[in-house]
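Nothing fancy with the numbering, it's 1 onward along the sequence. The structure presented is a predicted model; accordingly, all values stated were derived computationally and were not measured.
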Amino acid sequence: MLIAVLTVSDRCSRGEAQDTAGPAVAALSRTAWPDAEIEAALVPDEPEKISQRLIDWAGRGMRLILTVGGTGLGPRDLTPDATRPVLDREAPGIAEAMRAAGGAKNPMAWLSRGVAGTRGNALIVNLPGSLRGAQESLTAILPLLKHGLETMAGTERHT
């Protein structure tokens, strides 16, 4: 399985901050899918660059694409806005599950605007940019992602 992690951050892309959330998401993904090939990249908060990377990765056969960052209310937090147009179908329950899990610990998690959905055979999910938010969000939705990917591949088992 091919997994991609895209960190979206102006500060990290300029070398002003170190990306901690992206590598943590990649590590959690490695634990969940030990045999997966994981590719990572970093782009600034520029919608065209975000959208193009998502389109490229989905076209290359990535099955799971996780973005990290750019989901808040700041003026440059544009990841959901760049993601939504490239999706074939939204999967709103995934983002709702992340907000519900995060909101139970930190009410500010409800401000996340992250979206999730499919493009071709790829499942794309926007995660928060903070280390804690990204880790907790991904952990909360791992069972959903596994089942969603199985369903998309036609290999799910209903019990």
Path from Ile65 to Ile55 over hydrophobic side-chain contacts below 4.5 Å
yes
State whether the number of non-hydrogen atoms from other residues, nucleotides or ligands found under 6.0 Å of Lys105 atom NZ is greater than 12.
no
Those residues that, when tested against Arg113, pass salt bridge (Lys or Arg N to Asp or Glu O under 4.0 Å) (two or more places apart):
Asp81
Report the C-alpha distance between Trp33 and Leu142 in whole Å, list the side-chain angles of each, state the deciding distance to 0.1 Å, and finish with yes or no for side chain to side chain contact (heavy atoms under 4.5 Å, CB included).
CA-CA 10 Å; Trp33 292 279; Leu142 276 174; 3.7 Å; yes
Quick one: CG on Leu28 to CG on Leu138, what's the gap to the nearest 0.5 Å?
5.0 Å
Note: Gly114 and Ala95 closest approach over all heavy atoms is O-CB, 3.3 Å
Same cluster for Met152 and Leu144 if Ile/Leu/Val/Met/Phe/Trp/Tyr side chains link at under 4.5 Å?
yes
Assigning hydrophobic clusters by single linkage (Ile, Leu, Val, Met, Phe, Trp, Tyr; side-chain heavy-atom cutoff under 4.5 Å), is Leu87 placed with Ile50?
yes
Check whether more than 12 heavy atoms from other residues, nucleotides or ligands sit under 6.0 Å from atom CZ of Arg99, and answer yes or no.
yes
Heavy atoms only: give me the nearest Thr79-Gly69 pair and the separation to one decimal.
OG1-O, 2.8 Å
For Ser51 and Ala82, indicate whether the former's side chain and the latter's backbone hold a donor-acceptor pair under 3.5 Å.
yes
Identify whether Ile38 and Val68 are in the same connected component of the hydrophobic contact network (ILVMFWY, side-chain heavy atoms under 4.5 Å).
yes
What do the steps show when you test Arg119 against Leu54 for side chain to side chain contact (heavy atoms under 4.5 Å, CB included), and what is the final call?
CA-CA 9 Å; Arg119 178 178 179 89; Leu54 299 177; 5.9 Å; no
Working to the nearest 0.5 angstrom, can you tell me the gap between Met62 CE and Ile3 CD1?
9.5 Å
Smallest separation among heavy atoms of Ala58 and Ala122, with atom names:
CB-CB, 4.0 Å
Using 0.5 Å steps for rounding, measure from the CG atom of Leu127 to the OG1 atom of Thr71.
8.0 Å
Report the C-alpha separation of Asp45 and Leu78 in whole Å, then their side-chain angles, then the decisive distance to 0.1 Å, and conclude whether the side chain to side chain contact (heavy atoms under 4.5 Å, CB included) test is met.
CA-CA 6 Å; Asp45 292 278; Leu78 300 171; 5.7 Å; no
At what distance, to the nearest 0.5 angstrom, does CG of Leu66 lie from OG of Ser137?
11.0 Å
Could you tell me which residues satisfy salt bridge (Lys or Arg N to Asp or Glu O under 4.0 Å) with Glu16, sequence neighbours excluded, listed by chain and number?
Arg14
Please find the pair of heavy atoms, one from Gly103 and one from Ala109, that lie closest to each other, and give the distance.
N-CB, 3.5 Å
Shared hydrophobic cluster for Val86 and Leu2 (ILVMFWY, side-chain gaps under 4.5 Å):
yes
Interatomic distance, CD1@Ile141 vs CG@Leu123, rounded to 0.5 Å, equals 8.0 Å
Given Ile124, which partner from the list Thr118, Leu6, Thr83, Leu64 fulfils the side-chain contact (heavy atoms from CB on, under 4.5 Å) test?
Thr83
Look up atom CG in Asn106 and atom CD in Glu136, then write down how far apart they are to the nearest 0.5 Å.
8.5 Å
Would you check if the side chain of Asp10 reaches a backbone N or O of Cys12 as a donor-acceptor pair within less than 3.5 Å?
no
May I have the step-by-step check of side chain to side chain contact (heavy atoms under 4.5 Å, CB included) for Asn121 and Arg63, ending in yes or no?
CA-CA 6 Å; Asn121 292 323; Arg63 297 277 296 132; 3.8 Å; yes
Ser13 to Val43 - nearest heavy-atom pair and separation:
CB-C, 4.2 Å
Smallest heavy-atom separation, Asn126 atom then Met98 atom, equals O-CE, 3.2 Å
